[in-house]
Amino acid sequence: MKEKLEALKQKALSDLETVKDAAALEQLRVAYLGKKSELASILKGMASLSPEERPVIGQLGNSVRSAIEQAFEKAKANVSKLETEKKINSEKLDVTLPSKLISMGSLHPLTKIQSQMEDIFLGMGFTIAEGPEVETDYYNFTALNTPEFHPARDVQDTFYITDKVLLRSQTSTVQVHVMEQNEPPIRIISPGRVYRSDAVDATHSPMFHQCEGLVVDKGITMADLKGTLETFAKAMFGGKTELRFRPHHFPFTEPSCEVDVSCFVCGGCGCSVCKGEGWIEILGAGMVHPNVLRMSGIDPEVYSGFAFGMGIERIVMTKYGISDMRLLYENDVRFLRQF
Ligand code: DAH
């Protein structure tokens, strides 16, 4: 029995020493330490031993069991280390592999130009004002010195929700809201969507974007308007840009003008971008009409101001050489990715 126990111990220890995975380890545990193990059956056989032999074999049996148990614990730690190593190796990352391409969106050209405009005017001390796109005809026309039946209402025909409520046809509406709510000095721009009942073609859309500007203070003159617009145009189109002011008529400004910039492509000699003109029209402007100031609660005897309004699409199209306005609204990523 003694030899049997010794042999069992040797075999168990050598098996446990070489075991490599958890399943095999479990088999060894059952075989050497389980209820039906050889060790258990040897110890059961102790009943037939003589009273002298019994404690000797009993002691030996216990020491064999604890040796196997110790070896088992060691093997268990070893197996778990091996398995962790195996797992780490199988999940190895090759950090030198090229990464998957992450596709990034880009800003819409209208958004890009609008934020450039905002940056330029913020740099000159303007703030950004917002106004509603659904308006009353008072803000869209009447308060801008364009009473009912004034012919200027026709050129800005828009979408009416009721007789008096409409989608704004111009951002000039924001001038009125700002003047009603603020005391001069006022220095704002207001970019946003406007609407007109125009059929869609390469240069028209029933929805487009404008950026309005308004400055009201004591002693504001046309010279301030010129200086402001020149600073803007040079920042937007390049330092060599020149401005041309042409007399015009708008109901809400007096005097009024249209403003052209020298063509930033040909510098003024004439090319396809400026259609041979050398100049590109970019905005309407003027000195705020005294009636407009008065209707919004500002005394025209004390204050004066200038205003301007430009179409953002027009600037985007000339700057990027886009010939069809519809491209701006179709959300075709092949087009949008170019900006
Ligand atoms: N609101 C005008 C339009 O939509 C543009 C404009 C012209 C705005 C002159 C102004 C201005 O503020 O002074 O055609």
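Read the numbers this way: they start at 1 and go in the same order the structure lists the ligands and their atoms. What you see is a predicted model; the values in this text were computed from it and never measured.
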Could you list each nitrogen or oxygen of ligand 1 that sits under 3.5 Å from a protein nitrogen or oxygen, with the atom names and the distance?
unit_1   : atom_1 : unit_2 : atom_2 : d
ligand 1 : 1 (N)  : Q170   : OE1    : 2.7
ligand 1 : 1 (N)  : S172   : OG     : 2.9
ligand 1 : 4 (O)  : Q156   : NE2    : 3.4
ligand 1 : 4 (O)  : R196   : NH2    : 2.9
ligand 1 : 4 (O)  : Q210   : NE2    : 2.8
ligand 1 : 12 (O) : Q175   : NE2    : 3.0
ligand 1 : 12 (O) : E212   : OE2    : 2.6
ligand 1 : 12 (O) : F308   : N      : 3.4
ligand 1 : 12 (O) : F308   : O      : 3.3
ligand 1 : 13 (O) : A307   : O      : 3.2

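N62 and R65 share no donor-acceptor pair across their side chains, judged by distance under 3.5 Å alone. Donor-acceptor pairing under 3.5 Å is recorded for the side chains of H177 and E135. For the 3.5 Å distance criterion, the side chains of E313 and H209 qualify, holding a donor opposite an acceptor. Y195 and E133 form a side-chain donor-acceptor contact under 3.5 Å, judged by distance and modelled atom types alone. Residues T171 and E212 have side chains that bring a donor and an acceptor to within less than 3.5 angstrom of each other.
With a 6.0 Å radius and a threshold of 12 heavy atoms from other residues, nucleotides or ligands, E130 has its CD atom at or below the threshold.
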